[in-house]
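Single-structure report; data block below.
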Amino acid sequence: MGAVIVPGSAQEVLQPRGIYVPGHDGVRLAAFIYGASDGIPRPAVWVYNRYNRGGMSAKQAEAWLRRFPQLLRQFDAILATPASPLELGEAFADLVRSGFVVAIVDIRGTGSSFGSQKLPFSNEEALDAKAVTRWIAAQPFCTGQVGMAGRSYMGANQHLAAMGDSGLSAIFPEMAPFDLYSTVYRGGVFQRQFAASWFADVDRRDKMDMAVAVDGDAQQLRHARSEHLANRDLYALFSALPYRDSTDPVTGAVPYLTNSPSHDGEGFRQPDSATYHLAGWFDPFVLDAILWFANIRVPKRLTIGPWAHSGSAGMDLGREYRRWFGQWLRHEENGVIDGPPVRYYVMGAPAGARWRASTTWPPQGYGQVRLFFSAGSTETVGSVNDGGLTTSEGQGDGGAASSDEYEVDYKATSGPASRWTNVCGGPFGYTDMRANDERCLTYTSAVLGQAVETAGSPVVTLWVSSTADDGDFFIYLEQVNPDGSVGYVTEGVLRASHRAMSIPPYNNVGLPYHRSWREDMRPIGADPVRLVCALSPIAWQFPAGSRIRVSIAGSDADNALTPRLVPAPVIRVHRSAQHASFLDLPVHDDTDRSVLR
């Protein structure tokens with residue numbers, strides 16, 4: 001069955017109708033509805049919007065008022081300007097043109113909605129979502145078939161909305177967080193750049209940016225916006241909650257346990273909505289998408305592409321929307337559910353062989369190869385130690401000769417255009433990592449005699465000691481090219497005091513799980529202790545002639561908050577037979593293991 005084209009001009013189709021929709025307790029939620037003007041019932045897809053994109057920002061408004069002071073008297077009219085079709089984005093506009101109704105509904109305490117938001121991903125938010133879904137399904141413009149779509153926060157809240165008896169036929173979450181704690185504290189380390197940028201951004205959007213009056217009533221909009229002043233200061237809240245079981249002193253709640261998108265135990269494993277997960281290798285939430293895929297029991301698909309948080313270049317997102325929602329909301333047989341459910345892109349693979357399919361994640365056909373840290377010198381980098389990476393197990397008696405000493409360099413950084421900056425709309429693009437490697441410990445393989453392909457989550461085991469009682473360990477997997485340039489592949493981080501491993505409360509796809517409760521904290525010191533750190537998953541092909549490198553730093557200055565101690569701690573990474581440090585790398589079965597000698 002082909003797409004149903006809505007009659008009328010594109011401009012008519014994309015003109016929204018504003019209306020207030022009741023939340024679960026009657027709070028008024030602002031909704032902007034597209035494609036419903038002719039009264040013909042159609043399936044509906046809605047977005048549970050966290051971001052106020054309907055009006056110009058306060059900064060933009062101030063600039064216009066300085067330039068055109070006569071607009072000051074028309075300020076009420078500016079507030080009442082109808083929502084722009086551009087808020088949809090082209091993929092959603094494409095859905096409308098293809099015969100779907102699309103609704104954008106502001107979460108309580110945001111945009112043009114009434115109420116306040118105390119915490120993200122709350123039970124209140126989930127109940128509101130179910131109320132909105134029921135309301136949409138019951139409207140004359142809807143056939144009763146309802147789906148959801150959206151990215152990032154608007155991806156995670158789809159999972160909340162889909163738990164239990166949701167009334168949703170299908171959802172399409174993109175780059176959606178799974179675990180609130182690891183979103184803010186990756187490996188126990190506060191992701192300062194992300195947290196500061198995101199929390200400041202949503203606070204500004206909720207309280208200061210201009211918004212759109214749902215029905216042209218500027219006074220009503222002011223009333224709604226005034227209620228947002230009760231929204232919590234999320235940076236102050238979460239920066240003071242360093243453990244997964246930390247308690248909010250205001251509410252007595254344990255936010256990382258009660259407000260994490262995945263907190264609902266068996267409930268999140270049994271939603272009732274077919275789910276299409278979209279992820280990118282350079283998004284902070286790529287493992288999150290994999291965990292969602294592994295833990296829910298519905299018809300599902302997972303696509304992982306060569307993208308950061310804001311990307312999907314090379315993919316026709318509108319087409320994927322049409323196919324997914326066509327299958328589940330219109331019951332079209334369009335092939336979207338045919339074939340293996342996992343589709344992933346291999347970075348660096350030859351053209352025509354980059355997209356692969358699998359029935360599982362991690363994909364079959366890859367086996368672990370253990371590469372041990374060894375003494376240098378590889379003469380490939382002016383790092384602190386210039387160590388090697390080899391299949392030969394560590395040697396030595398455990399003394400200083402079989403370890404590498406490193407005074408933490410607080411200027412070490414993965415750069416100001418990382419996966420963490422992009423998640424807040426900032427730049428993305430890792431530059432040559434050579435300069436950073438010179439501030440780190442490095443372990444580099446011999447030149448590869450053939451291409452080596454990996455797909456999965458590399459895991460690094462470190463035996464470390466320190467002159468301090470704690471420390472952050474930032475671990476990078478890199479590709480060293482024949483010309484000496486160094487490409488970023490993936491990364492992981494673990495604060496040493498969070499090293500205790502626990503049984504995960506969900507399917508963690510075989511990876512080490514650090515519970516990070518306060519009672520789990522363990523100091524480090526002069527005696528070696530073991531850290532096991534999973535790096536962010538990746539599918540990557542190292543070309544023949546390149547080398548594989550593991551780089552270890554004690555700081556990521558542009559992205560994470562590491563306490564600066566004076567004097568800087570001196571750590572040791574051990575590599576003896578008794579305390580061997582190594583990389584476990586999933587390598588394609590067709591690879592000649594001898595090239596990793």
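Keep in mind that this is a model prediction, so the values were computed, not measured. Just so you know, these numbers use all the heavy atoms, side chains as well, and skip hydrogens, waters and symmetry mates.
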Are Y235 and F190 an aromatic pair, judged by ring center distance below 6.0 Å?
yes
Whether the side chain of R434 engages the backbone of V486 through a donor-acceptor N/O pair (distance < 3.5 Å, no angle test) should be reported. no
Shortest non-hydrogen pair, G367 vs R593, comes out as O-NH2, 3.8 Å
Closest non-hydrogen atoms of A539 and Y344, given as atom of the first, atom of the second and distance, are CB-CD1, 3.8 Å
Open item on the list: Counting C-beta onward and ignoring hydrogens, is there a side-chain heavy-atom pair between V529 and V464 closer than 4.5 Å?
Closed with: yes
Is the distance between the ring centroids of Y506 and F178 less than 6.0 Å? yes
Fill in: Between T360 and Q364: side-chain donor-acceptor atoms closer than 3.5 Å
no
* Tell me, do V423 and M175 make a side-chain contact under 4.5 Å, heavy atoms counted? -> no
Between N559 and S414, the two heavy atoms sitting closest are ND2-OG, 3.1 Å
Exercise. Please report the C-alpha distance between K411 and E438 in whole Å, then the side-chain angles of each, then the deciding distance to 0.1 Å, and finally whether the salt bridge (charged side-chain N to carboxylate O under 4.0 Å, His left out) criterion is met.
Key: CA-CA 11 Å; K411 293 182 179 179; E438 292 177 356; over 6 Å; no
dist L302:CG -> R343:CZ (nearest 0.5 Å) comes out at 11.5 Å
Discussion item. Donor-acceptor check, side chain of W307 to backbone of A313, threshold 3.5 angstrom: yes or no?
Written reply: yes
Value for NE2 (H498) from CZ (R186), rounded to nearest 0.5 Å, stands at 14.0 Å
Check: With no hydrogens and no angle check, do the side chains of R547 and T378 hold a donor and an acceptor under 3.5 Å apart?
Finding: no
Considering only heavy atoms from C-beta outward, does the side chain of D94 approach that of Y321 to under 4.5 Å?
no
- Query: Do F474 and T562 pass the side chain to side chain contact (heavy atoms under 4.5 Å, CB included) test, and can you show the C-alpha distance, the side-chain angles, and the key distance before you say yes or no?
  - Reply: CA-CA 10 Å; F474 296 85; T562 294; 3.6 Å; yes
Taking the six-membered ring where the residue is Trp, are the ring centres of Y243 and Y256 under 6.0 Å apart?
no
Tightest non-hydrogen contact, residues W281 and P537, listed as CE3-O, 3.3 Å
When rounded to the nearest 0.5 Å, the distance separating OG1 of T391 from CZ of R370 is 12.5 Å
Can you find a pair of side-chain heavy atoms, one from Y513 and one from P505, that are under 4.5 Å apart?
-> yes
Scanning both residues in full, the closest heavy-atom pair of M154 with N157 reads O-OD1, 3.2 Å
Report yes or no: does N508 contribute a side-chain atom to a donor-acceptor pair with the main-chain N or O of G510 at less than 3.5 Å? no
Any donor-acceptor pair under 3.5 Å linking the side chain of T303 with the backbone of L278? no
Would you say the side chain of F282 lies within less than 4.5 Å of the side chain of N422, judging by non-hydrogen atoms?
-> no
ask   = Does any N or O in the side chain of W361 come within less than 3.5 Å of the main-chain N or O of L291, such that one atom is a donor and the other an acceptor?
value = no
Exercise for the section: Take R419 and Y430 through the test side chain to side chain contact (heavy atoms under 4.5 Å, CB included) and record every step on the way to the result. Expected result: CA-CA 9 Å; R419 63 176 72 213; Y430 291 97; 3.5 Å; yes
Task: Pairwise side-chain contact, V408 with D472, heavy-atom cut-off 4.5 Å (strictly under) - done: no
Are the side chains of S516 and Y181 in contact, using a 4.5 Å heavy-atom criterion? yes
When rounded to the nearest 0.5 Å, the distance separating CH2 of W328 from CD1 of I171 is 12.5 Å
In this structure, NE2 of H309 is separated from CH2 of W420 (nearest 0.5 Å) by 10.5 Å
Heavy atoms of V381 and T442 approach each other most closely as CG1-OG1, 3.4 Å
Any side-chain donor paired with an acceptor under 3.5 Å for S546 and N481? no
- Going through the checks in order, is the side chain to side chain contact (heavy atoms under 4.5 Å, CB included) test met by L535 and V459? CA-CA 6 Å; L535 310 191; V459 177; over 6 Å; no
Quiz prompt | H514 side chain to V532 backbone, donor-acceptor under 3.5 Å | solution = yes
Please report whether the ring centroid of Y48 lies less than 6.0 Å from that of Y153.
no
Next item on the list: May I ask you to decide whether R356 forms a salt bridge with E453, counting only side-chain N to carboxylate O separations under 4.0 Å?
Entry: yes
Quick one: are Q541 and P350 in side-chain contact, heavy atoms under 4.5 Å?
yes
(request) Please confirm whether the backbone N or O of S273 pairs with a side-chain atom of T275, one donor and one acceptor, at under 3.5 Å? (result) yes
In this structure, CG of D179 is separated from OH of Y185 (nearest 0.5 Å) by 13.5 Å
task: Examine R575 relative to F373 and say whether NZ or CZ is less than 6.0 Å from the centre of the six-membered ring and inside a 45° cone about the ring axis.
output: no
Quiz prompt | N295 backbone acceptor or donor facing N507 side chain under 3.5 Å | solution = no
- Under the side chain to side chain contact (heavy atoms under 4.5 Å, CB included) criterion, do L317 and R151 qualify, and how do the steps go? CA-CA 12 Å; L317 190 57; R151 179 166 297 203; 4.3 Å; yes
I'd like to know if the side chain of Y443 pairs up with that of D404 as donor and acceptor (distance under 3.5 Å, no hydrogens or angles considered). yes
TODO: Mark yes or no for whether N334, through its side chain, and R323, through its backbone, hold a donor-acceptor pair below 3.5 Å.
DONE: yes
Check whether any side-chain N or O of D470 sits under 3.5 Å from a backbone N or O of S497 as a donor-acceptor pair, and report yes or no.
-> yes
